[in-house]
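Contents: one structure, followed by commentary.
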There are 2 protein chains.
Amino acid sequence: MSKITLKEISKILGISTSTVSKALKNYSDINVDTKIRVQELAKKHNYTPNAFAQSLRSRETKIIGILVPELVHHFFSSIIDGAINEAEKHGYLVIVLQSHESYEDEIKQLKLLVDKNIDGIMLSLSDKTVKYDHIRTIINEGMPVVLFDKITHLIDCPKVIIDDRKAAFSATEHLIKTGCKKIAHITGPLKPKTTIDRFMGYKIALETYNMPFNKTLIYTSENLSFEDGYNLAGQIMAEHPDIDGIFAFIDPVAIGVLKRLKEDKIKVPKQVSIIGFSNWFMSRTTSPALTTIDQPGYQIGRNAFQLLLKNLNHKREGKPFTSETVEIPTSVIIRQSTRAIMAPVI
Amino acid sequence: MSKITLKEISKILGISTSTVSKALKNYSDINVDTKIRVQELAKKHNYTPNAFAQSLRSRETKIIGILVPELVHHFFSSIIDGAINEAEKHGYLVIVLQSHESYEDEIKQLKLLVDKNIDGIMLSLSDKTVKYDHIRTIINEGMPVVLFDKITHLIDCPKVIIDDRKAAFSATEHLIKTGCKKIAHITGPLKPKTTIDRFMGYKIALETYNMPFNKTLIYTSENLSFEDGYNLAGQIMAEHPDIDGIFAFIDPVAIGVLKRLKEDKIKVPKQVSIIGFSNWFMSRTTSPALTTIDQPGYQIGRNAFQLLLKNLNHKREGKPFTSETVEIPTSVIIRQSTRAIMAPVI
DNA sequence: ATGAAAGCGCTAACAC
DNA sequence: GTGTTAGCGCTTTCAT
């Protein structure tokens with residue numbers, strides 16, 4: 001019981017395929033009776049148009065691709081969630097691909113998508129990517145592309161970002177406002193823009209509040225892992241026993257820190273406050289629950305698709321692509337790993 | 001600079017499209033010189049075949065769909081990770097869709113996939129799904145389908161599962177072997193097979209070790225959330241202060257329990273041992289780290305794709321579908337929320 | 001060794 | 001109102 005085609009319907013009804021096609025689309029120049037007969041028969045046989053044939057003509061697949069560094073990651077899977085749901089509302093399906101933080105894979109995966117003639121691409125750059133010609137080429141060939149989260153301003157296209165610098169500023173500011181005097185920062189791998197932005201946010205916050213910046217208070221986590229946080233916490237407290245605040249690049253690192261401090265009987269937040277970044281699911285399950293920065297992944301995905309859709313439509317209408325940048329606001333999620341904000345002295 | 005077509009190449013070279021097509025595919029009956037000329041020109045112009053046209057002829061998209069209840073979930077995103085990577089190896093792309101645990105959505109999403117003429121479907125049932133005709137219909141119409149994790153034996157197709165009963169047995173057994181005498185079980189929503197299987201595993205383990213089964217030790221978490229675990233832990237300890245072991249349906253619930261017991265100054269594992277299920281990322285970050293059951297999501301995804309591929313090939317060759325069931329072994333991940341196994345008394 | 005032609009299913013311009 | 005026809009790009013059979 002394979003699918004019925006337009007041709008078969010037309011044969012059964014003794015009319016032409018074009019009439020059937022038009023009848024199904026409710027064209028105004030088709031006799032109402034004919035329309036009804038066609039539509040009823042189509043329904044009866046569960047007619048659905050052949051997507052290949054439609055695509056071959058329309059040059060559209062109603063499929064888009066999304067390429068992220070890693071799928072198994074709360075932040076990215078939230079983004080994909082948002083993108084898929086928004087896409088579905090507009091009749092688009094989403095192919096998901098991963099670059100595994102590899103430049104070569106990024107190129108390879110993009111090629112797969114382009115070759116499949118999908119309608120557009122949502123992309124978060126791998127940390128290794130420092131050249132962008134592979135992406136520019138795709139855009140120049142007419143493929144709508146939207147960058148999100150891991151972006152570069154060196155590509156001219158729509159972008160959805162959070163302001164890492166601003167967010168890191170807020171995180172550091174929160175530590176300062178809750179009374180921390182000596183704050184360490186655990187940063188990430190050198191290259192990516194996010195690393196630099198978060199570091200800058202930390203630094204600027206210190207400056208803004210007239211606190212000394214001390215290079216030895218910067219620690220680097222290469223893997224951004226729970227284990228890294230655990231180990232670095234030991235090192236930090238050994239080298240700077242008077243630390244009273246730690247701003248970690250990302251939640252798992254912060255949670256590693258938390259665990260180590262607890263094991264070393266260092267009170268959190270009484271002696272040392274900890275703030276993370278990303279609001280991973282688990283951050284609210286720790287004891288004490290982790291204060292962190294919320295990066296609304298779902299919204300990023302949603303917005304990124306909306307920008308893509310705009311250009312999908314522009315392309316259809318022959319208009320040039322837009323290249324606006326949307327910033328999604330972050331917020332400090334205050335939990336128990338930092339102290340209460342002190343009432344200002346009046 | 002849009003894409004070059006076979007026809008254009010043939011025109012440039014003054015030969016026919018069929019020759020070009022064959023030359024590109026290295027057919028043996030094409031003159032070597034011609035082949036070289038064609039292949040070089042194709043390379044020069046970056047020729048890639050039009051996927052629609054190919055699909056229209058071959059009836060294949062080289063795209064499969066995967067439908068899961070929720071994407072933002074460590075277990076399911078691991079499965080998808082495995083599926084995507086395995087699919088890519090074999091030249092397939094993967095469309096990801098979610099049913100959000102809704103029967104209606106499951107039907108709707110499956111229809112989207114079928115209408116797109118994708119080659120096959122990997123499916124994990126929603127908890128609400130209790131009728132299976134929508135899936136049987138799809139299979140009967142010739143679509144290769146593989147079920148994984150949330151499955152039913154009432155559908156005849158390949159399946160990849162873990163044995164929840166066996167796993168739950170091991171979990172309970174581990175508690176027993178580490179000296180627990182009165183073990184509570186936090187179960188999940190009533191209907192799904194996994195709930196029943198894990199409950200049965202718990203019950204059978206008690207029987208096997210000659211421990212009394214007590215109905216009042218069964219607690220239900222409707223949302224399987226961290227908060228549920230937190231609240232139920234309070235209730236459990238109030239109603240049964242002499243409990244010394246808790247087997248929770250899933251890690252977040254177990255972690256909620258952990259947090260509550262800690263707040264109530266109940267020592268884990270000294271007074272109460274806790275074992276979770278699923279080995280979520282965060283379970284190794286708690287203090288004490290959570291003992292749990294590892295469900296290897298990546299492998300499930302991989303295996304499910306492999307089974308699908310088998311039937312994709314069977315379909316192409318006109319052979320009937322297979323319907324084997326593959327069981328992926330689970331294991332107890334021993335951490336600090338349960339006591340050390342006691343040496344047997346000799 | 002090469003090419004002509006048909007056809008996959010659908011759409012739309014154009015004719016009647 | 002309805003039908004004819006051409007064509008989207010590719011593959012494959014069958015002639016030559």
Side-chain angles (χ1 to χ4, degrees), chain A residues 2-39 41-42 45-63 91 114-119 141-142 315-316, chain B residues 2-39 41-42 45-63 91 114-119 141-142 315-316:
Chain A
S2 69
K3 284 193 178 174
I4 195 170
T5 67
L6 270 196
K7 203 172 173 185
E8 282 156 14
I9 293 185
S10 73
K11 202 168 286 174
I12 295 175
L13 258 31
I15 57 181
S16 80
T17 58
S18 49
T19 307
V20 175
S21 174
K22 287 177 194 163
L24 288 171
K25 302 196 150 172
N26 234 336
Y27 272 42
S28 56
D29 59 351
I30 298 289
N31 187 304
V32 179
D33 283 357
T34 318
K35 270 188 203 169
I36 292 176
R37 285 199 305 143
V38 170
Q39 286 167 6
L41 190 67
H45 286 275
N46 250 316
Y47 171 78
T48 50
N50 180 304
F52 311 146
Q54 279 185 323
S55 293
L56 182 56
R57 278 206 58 103
S58 68
R59 332 256 74 201
E60 282 189 339
T61 44
K62 293 283 183 177
I63 296 177
V114 170
D115 287 350
K116 269 280 184 289
N117 279 314
I118 52 136
D119 296 345
E141 285 174 353
K315 181 175 181 178
R316 196 180 304 115
Chain B
S2 68
K3 284 193 179 175
I4 195 171
T5 66
L6 270 195
K7 203 173 171 183
E8 283 157 13
I9 294 184
S10 72
K11 203 168 286 172
I12 295 175
L13 259 30
I15 56 180
S16 79
T17 57
S18 44
T19 306
V20 175
S21 174
K22 286 176 197 165
L24 288 172
K25 301 195 149 174
N26 233 335
Y27 271 45
S28 57
D29 58 352
I30 298 290
N31 187 306
V32 179
D33 284 356
T34 317
K35 270 188 202 170
I36 291 176
R37 286 198 307 143
V38 169
Q39 287 169 3
L41 191 66
H45 287 276
N46 248 316
Y47 170 79
T48 51
N50 180 305
F52 310 146
Q54 277 185 324
S55 293
L56 182 55
R57 277 206 57 105
S58 67
R59 331 255 76 197
E60 282 190 339
T61 46
K62 292 285 183 175
I63 295 177
V114 171
D115 287 351
K116 269 281 182 289
N117 279 313
I118 51 135
D119 297 345
E141 284 173 354
K315 181 175 180 177
R316 194 179 304 116

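Proteins get letters first, then strands, A, B, ... in listed order; numbering begins at 1 in each. Side-chain atoms are counted along with the backbone in the values below, which use heavy atoms only and exclude waters and symmetry mates.
Using a distance-only test at 3.5 Å, with no hydrogens or angles considered, no donor-acceptor pair links the side chain of A:K62 to the main chain of A:S55. The closest donor-acceptor contact from the side chain of A:K315 to the backbone of A:G142 lies under 3.5 Å. A:S21 places no side-chain N or O within 3.5 Å of a backbone atom of A:T17 that could act as its donor or acceptor partner. A distance-only check finds no donor-acceptor pair linking the side chain of B:D119 to the backbone of B:E60 [under 3.5 Å].
As judged by a 4.0 angstrom heavy-atom cut-off over every strand, A:S18 is placed among the base-contacting residues. Across all strands, B:D29 comes closer than 4.0 Å to base atoms (heavy-atom distances). Counting non-hydrogen atoms under 4.0 angstrom, B:K22 reaches a base of the nucleic acid.
Going from atom CZ of B:R37 over to atom CD1 of B:I12 covers 11.5 Å, rounded to the nearest 0.5 Å. Between the CG atom in A:D115 and the CG atom in B:N50 there is a gap of 10.5 Å [rounded to 0.5 Å]. Note that the OG1 atom of B:T34 and the CD atom of B:Q39 stand 10.5 Å from one another [nearest 0.5 Å]. One finds the CZ atom of B:F52 at 4.0 Å from the CG atom of A:N117 (value rounded to the nearest 0.5 Å). Of the inter-residue distances, the one linking B:I36 atom CD1 with B:L41 atom CG reads 13.5 Å to the nearest 0.5 angstrom.
Rounded to a whole Å, the NZ atom of B:K116 is 14 Å from the P atom of C:dC10. We find that CD1 of A:I4 is positioned 17 Å from C1' of C:dC8, with the value rounded to whole Å. One interatomic measurement links the two molecules: CZ of B:R37 to C1' of C:dT2, which rounds to 12 Å at whole-angstrom precision. Spacing between atom CD of B:E60 and atom C1' of C:dC8 amounts to 14 Å, rounded to whole angstrom units. Between B:D115 atom CG and C:dC10 atom C1' the separation is 15 Å, expressed in whole Å.
At a cut-off of 3.5 angstrom, counting only N and O atoms as typed in the model, there is no donor on one side facing an acceptor on the other between the side-chain of A:K7 and the base of C:dG7.
Mapping heavy-atom proximity under 4.0 Å, the span of DNA chain D touched by chain A runs 5' to 3' from D:dG1 to D:dG9.
Annotation for A:Y47 and A:I4: closest pair CD1-O, 3.3 Å, computed over non-hydrogen atoms. Residue A:A42 comes nearest to A:L24 through the heavy atom pair CB-CD2, 3.7 Å, listed as atom of the first residue, atom of the second, then distance.
Toward the 5′ end of DNA chain C lies the nearest nucleotide of B:T34, the other residue of the pair B:T17 and B:T34 mapping further downstream.
Applying the 4.0 Å criterion to OP1 and OP2 of C:dC10, one finds that A:S21 has every side-chain N and O outside that range. Between B:Y27 and C:dA1 there is no side-chain polar atom (N or O) within less than 4.0 angstrom of OP1 or OP2. A close approach under 4.0 Å does not occur between any side-chain nitrogen or oxygen of A:Y47 and OP1 or OP2 of C:dG9. Distances shown here put a side-chain N or O of B:S16 below 4.0 Å from the OP1 or OP2 atom of C:dG3.
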Inset, instruction - I would like to know whether A:K116 and B:I63 meet side-chain contact (heavy atoms from CB on, under 4.5 Å); could you show each step before the answer? - result: CA-CA 9 Å; A:K116 269 280 184 289; B:I63 295 177; 3.6 Å; yes

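Over its full length, the helix from C:dA1-D:dT16 to C:dC16-D:dG1 turns its helical axis through 50°, comparing axes from the five pairs at each end and rounding to 10°.
A heavy atom closer than 4.0 Å to some atom of DNA chain D occurs in A:L56, A:R57, A:R59, these being the qualifying members of residues 48-59 of chain A.
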